[in-house]
K.L.:
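My questions will all concern the structure given below.
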Amino acid sequence: MAGRQAADVEDLLPVRVGVDRGTPLPLGLSETCDGFNFAVFSRHATAMSLVLLDVDDRIVESIALLPDHHRTGDVWHVHLARPLPGIAYAWRADGPHAPDEGHRFDPGRLLLDPYASAIELRPGPEGSTAVPRCLVLDHRFDWSDDRPPRHAWRDTVIYETHVRGLTVHPSSVTSSPGTFLGVIEKIPYLRELGITAIELMPVQAFNTHEIDRNDSTSGGRLRNYWGYNPVALFAPHPGYAGDAVPGAALHAFKTMVLELHRAGIEVILDVVFNHTGEAG
């Protein structure tokens, strides 16, 4: 009986080519054998749509999720049985607007996937940041036989640094200043110091133009240098990519970790959970 009822419900759903129910786990974007699964947590949303964008930020498709079909508990999900070459994505969520209760739903705004592993932050008007986009990428990477060095705590010497700060000045003598690849060039220096682990200040994506004030000395707009207001906790900061190709930061970050491990250096990440790019 239950099986027959489930089938009846499926029969009543609108036909949408290549759009399936999907699964609630894993959260974020995951590649499947025949497409991609998208899943996002929202306990208080009353409606959710997946928005696909092209390279020029034009909306290609907006897929409204059906609460009785595309929701499991507090997770909204959908599967697209199709390739998505050159496509980016974002979410729209509707729900209560009650700031005093922590709810600021606005269905007119595009939202980042909290579990996105690659995003693009394009410059907007007058140096501001345009609406960020989550990227659909090929995540394959040759890790070979990589494994963390796992030095004993009694032998551990940690060097804390900032990706840009370590490599951006001409005195660092790197061909890729201010980037993940620039850190690779500093490996001989780090080994000479005798360190066993490098602890990196936030490398997660952040909005460098979030500060709407000017420098009183230069007159130029202030920039977020340290990255302590992340906008995507699982996506490497695009500004550290060293390449304008969308998603290059993900490959560059993995390459940096691989080369540090090969040099016997562990990688520790400073991750900020207590204040994020939403501000306010």
Side-chain angles (χ1 to χ4, degrees), residues 13-24 26-32 34-42 44-71 75-97 103-139 205-210 231-235 237-238 241 244-250 276-278:
L13 292 173
V15 176
R16 296 188 290 181
V17 178
V19 179
D20 305 320
R21 182 173 184 271
T23 60
L27 290 172
L29 167 68
S30 55
E31 189 169 1
T32 66
D34 61 344
F36 296 89
N37 190 77
F38 300 81
V40 64
F41 173 96
S42 184
H44 300 286
T46 56
M48 188 76 67
S49 294
L50 175 68
V51 180
L52 303 181
L53 306 109
D54 65 13
V55 294
D56 295 316
D57 289 335
R58 292 174 299 204
I59 295 177
V60 175
E61 187 176 1
S62 182
I63 302 167
L65 275 58
L66 308 174
D68 294 335
H69 185 61
H70 295 285
R71 184 173 185 175
V75 180
W76 300 74
H77 46 83
V78 63
H79 178 267
L80 302 185
R82 67 180 84 157
L84 297 175
I87 291 293
Y89 72 99
W91 291 100
R92 289 191 194 274
D94 200 358
H97 184 78
H103 302 310
R104 294 179 173 84
F105 285 90
D106 180 355
R109 300 191 66 176
L110 293 179
L111 305 174
L112 283 174
D113 176 358
Y115 277 76
S117 59
I119 69 171
E120 187 176 10
L121 295 169
R122 295 182 176 182
E126 299 181 0
S128 63
T129 300
V131 175
R133 306 141 29 93
C134 308
L135 303 178
V136 180
L137 298 176
D138 181 352
H139 289 190
F206 62 94
N207 180 3
T208 57
H209 299 288
E210 67 170 298
V231 298
L233 289 170
F234 297 95
H237 181 53
V245 176
L250 184 61
T276 63
E278 285 85 356

K.L.:
Between NE2 of H79 and OG of S30, what distance do you get to the nearest 0.5 Å?
P.N.:
8.0 Å
K.L.:
Starting from the C-alpha separation in whole Å, work towards a yes-or-no answer on side chain to side chain contact (heavy atoms under 4.5 Å, CB included) for V40 and L111.
P.N.:
CA-CA 11 Å; V40 64; L111 305 174; over 6 Å; no
K.L.:
Within the side chain of N37, is there an N or O that forms a donor-acceptor pair under 3.5 Å with the backbone of T23?
P.N.:
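Yes: the side chain of N37 pairs with the backbone of T23.
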K.L.:
Check whether any side-chain heavy atom of S117 sits under 4.5 Å from a side-chain heavy atom of L29, and report yes or no.
P.N.:
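S117 does not reach L29 side chain to side chain.
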K.L.:
Is it the case that the side chain of D54 and the backbone of D56 share a donor-acceptor pair, with hydrogens and angles ignored and the cut-off at 3.5 Å?
P.N.:
yes
K.L.:
Flag the pair S42 / W76 as yes when at least one side-chain heavy-atom distance between them is below 4.5 Å, and no otherwise.
P.N.:
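The answer is yes; the side chains approach within 4.5 Å.
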K.L.:
Decide yes or no for F36 and E31: does some side-chain heavy atom of the first lie under 4.5 Å from some side-chain heavy atom of the second?
P.N.:
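Sidechains of E31 and F36: in contact.
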K.L.:
Restricting to non-hydrogen atoms, name the atom on A118 and the atom on A235 that form the minimum distance, rounded to 0.1 Å.
P.N.:
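Heavy atoms of A118 and A235 come nearest at N-CB, 3.8 Å.
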K.L.:
Using 30° and 60° as the class boundaries, would you call the ring planes of F206 and H237 parallel, tilted or perpendicular?
P.N.:
parallel
K.L.:
If you draw a 6.0 Å radius around CZ in R109, do more than 12 non-hydrogen atoms from other residues or ligands fall strictly inside?
P.N.:
no
K.L.:
I need the minimum non-hydrogen distance between S49 and S62, along with the two atoms involved.
P.N.:
CB-OG, 4.0 Å
K.L.:
If I take atom SG from residue C134 and atom CD1 from residue I87, how far apart are they, to the nearest 0.5 angstrom?
P.N.:
13.0 Å
K.L.:
For the residue pair F234 and Y115, does the interplanar ring angle fall in the parallel (under 30°), tilted (30 to 60°) or perpendicular (over 60°) class?
P.N.:
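It falls in the parallel class, under 30°.
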K.L.:
Identify the two heavy atoms, one from H70 and one from D20, that lie closest to each other, and give their separation to 0.1 Å.
P.N.:
CE1-O, 3.2 Å
K.L.:
Can you name the one residue among D113, V231, L250 that meets side-chain contact (heavy atoms from CB on, under 4.5 Å) with I119?
P.N.:
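Answer after filtering D113, V231, L250: V231.
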K.L.:
Check whether any side-chain heavy atom of M48 lies under 4.5 Å from a side-chain heavy atom of V78, and answer yes or no.
P.N.:
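They are not in contact (no side-chain heavy atoms under 4.5 Å apart), so the answer is no.
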K.L.:
Do the non-hydrogen side-chain atoms of D57 and R133 ever get within less than 4.5 Å of each other?
P.N.:
yes
K.L.:
What heavy-atom pair brings A39 and P24 nearest, and what distance separates the two atoms?
P.N.:
CB-O, 3.6 Å
K.L.:
Are the side chains of P107 and R92 in contact, using a 4.5 Å heavy-atom criterion?
P.N.:
no
K.L.:
Walk me through whether R21 and H77 qualify under side chain to side chain contact (heavy atoms under 4.5 Å, CB included).
P.N.:
CA-CA 7 Å; R21 182 173 184 271; H77 46 83; 3.8 Å; yes
K.L.:
Atom CG in L112, atom CH2 in W91: separation rounded to 0.5 Å?
P.N.:
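Taking CG in L112 and CH2 in W91, the distance rounds to 12.5 Å.
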K.L.:
Find out whether I63 and L80 are in side-chain contact, i.e. whether some heavy atom of one side chain is under 4.5 Å from a heavy atom of the other.
P.N.:
yes
K.L.:
Calculate, to the nearest 0.5 Å, the distance between atoms OG1 and CZ belonging to T46 and F105 respectively.
P.N.:
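The OG1 atom of T46 sits 7.5 Å away from the CZ atom of F105.
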